[in-house]
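Hydrogens, waters and symmetry mates are skipped; everything else that's a heavy atom, side chains included, is used. Note that ligands are numbered from 1 as they come in the structure, with each ligand's atoms numbered from 1 the same way.
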Amino acid sequence: MEMGKSKQDKLSVFLSLVLRHDPDAAGISLDGHGWADTQELIAGVNASGRKLDMEMLEEIVRTDEKGRYSFNEDKTLIRANQGHSIPVDVELKQAVPPEKLYHGTASRFMDSIKGQGLKPMSRLYVHLSKDYSTAVKVGSRHGQPMVLEVDAGRMARDGAVFYLSENGVWLTGYVKPEYLSIAKEG
Ligand code: HQG
């Protein structure tokens, strides 16, 4: 069945909620690695009053603009690749970061960030992007965007651990203020 783009976006927002933050919203649970049973998820989404079948779900996983979701090999399980607030281990791969990474935030958070550094807030990790333009988009979700440059290379040499998610988001536990500066546009 063909899905309109906006219908697909709405479903994807709900899937993000269920697979990252609140599986109970679809009456399901996730295992320790963040996996949901695909058929249970489909049934749960339908029971919540939304329409979803396997074909639609496959289309969402295949075409999601950020590659947010993955199936296991035989598609019996599905999970979000990153972004969780509930404590699951999605088997993130540790990786050596580039010298500079970027974090998009809103100007109203800047004073607090300057004082406290970047904290994961409600999520498991601080989310970082490899390019400035992605960070602008992330920041715009919260208000007047502000982009911070993170001295990731130096952080890593100082012992910080970084992960690269399946969909290309860089993650780390916390960024001290000493590694942060205001990014120059580019
Ligand atoms: C801010 C989206 C005050 C932080 C995006 C951010 C991303 C502080 C907000 C992913 C702070 C948390 C994650 C401090 C951090 N004081 N504010 N000390 N430390 N903050 O949504 O990074 O579309 O949890 O700057 O593309 O905005 O969902 O994190 O503004 O990859 O797939 O606290 O979500 O992806 O906000 O976004 P969030 P985020 P999806």
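Below 4.0 Å from some heavy atom of R68 lie the following atoms of ligand 1, by number and element: 23 (O), 32 (O), 40 (P). Under a 4.0 Å criterion applied to the non-hydrogen atoms of Q116, ligand 1 contributes the atoms 14 (C), 16 (N), 18 (N). Ligand 1 places these atoms under 4.0 Å from at least one heavy atom of K66: 2 (C), 5 (C), 23 (O), 26 (O), 32 (O), 35 (O), 40 (P). The atoms of ligand 1 that sit less than 4.0 Å from any heavy atom of L118 are 15 (C), 19 (N).
Between L11 and V45 there is a side-chain heavy-atom pair separated by less than 4.5 Å. Between I42 and M54, the closest side-chain pair of non-hydrogen atoms falls below 4.5 Å. Residues I60 and Y69 have side chains in contact (heavy-atom distance under 4.5 Å, counting atoms from C-beta outward). Between Y125 and L92, the closest side-chain pair of non-hydrogen atoms falls below 4.5 Å.
Judged by distance alone, the side chain of S12 and the main-chain N or O of Q8 form no donor-acceptor pair under 3.5 Å. Side-chain atoms of H103 never come within 3.5 Å of backbone atoms of M146 as a donor-acceptor pair (strictly under, hydrogens ignored).
Among all non-hydrogen protein atoms, the one lying nearest atom 33 (O) of ligand 1 is M121 CG, 3.3 Å. Closest to atom 15 (C) of ligand 1 among all protein heavy atoms lies K119 O, 3.3 Å. Ranking protein heavy atoms by distance to atom 7 (C) of ligand 1, first place goes to H127 ND1, 3.8 Å. The nearest heavy-atom contact from the protein to atom 4 (C) of ligand 1 is H103 NE2, 3.4 Å. Annotation: atom 21 (O) of ligand 1 to nearest protein heavy atom, R123 NH2, 3.0 Å. In terms of protein heavy-atom proximity, atom 6 (C) of ligand 1 is closest to H142 NE2, 3.8 Å. In terms of protein heavy-atom proximity, atom 16 (N) of ligand 1 is nearest to S112 OG, 2.5 Å. In terms of protein heavy atoms, atom 39 (P) of ligand 1 is closest to R141 NH1, 3.8 Å.
Tested against R79 for a side-chain contact (heavy atoms from CB on, under 4.5 Å), the candidates E166, E91, R68 yield a single pass: E91.
Between the CG atom of D64 and the CG atom of L15 there is a distance of 9.0 Å, given to the nearest 0.5 Å.
The proximity of R20 to ligand 1, defined as any non-hydrogen pair under 4.0 Å, is limited to the side chain.
For the residue pair L118 and V126, the shortest heavy atom distance occurs at O-CG2, 3.4 Å. L77 approaches D37 most closely through the heavy-atom pair CD2-CA, 4.0 Å.
For the pair S122 and ligand 1, the shortest N or O to N or O distance does not fall below 3.5 Å.
The shortest separation from a heavy atom of G117 to ligand 1 is under 4.0 Å, placing the residue in contact.
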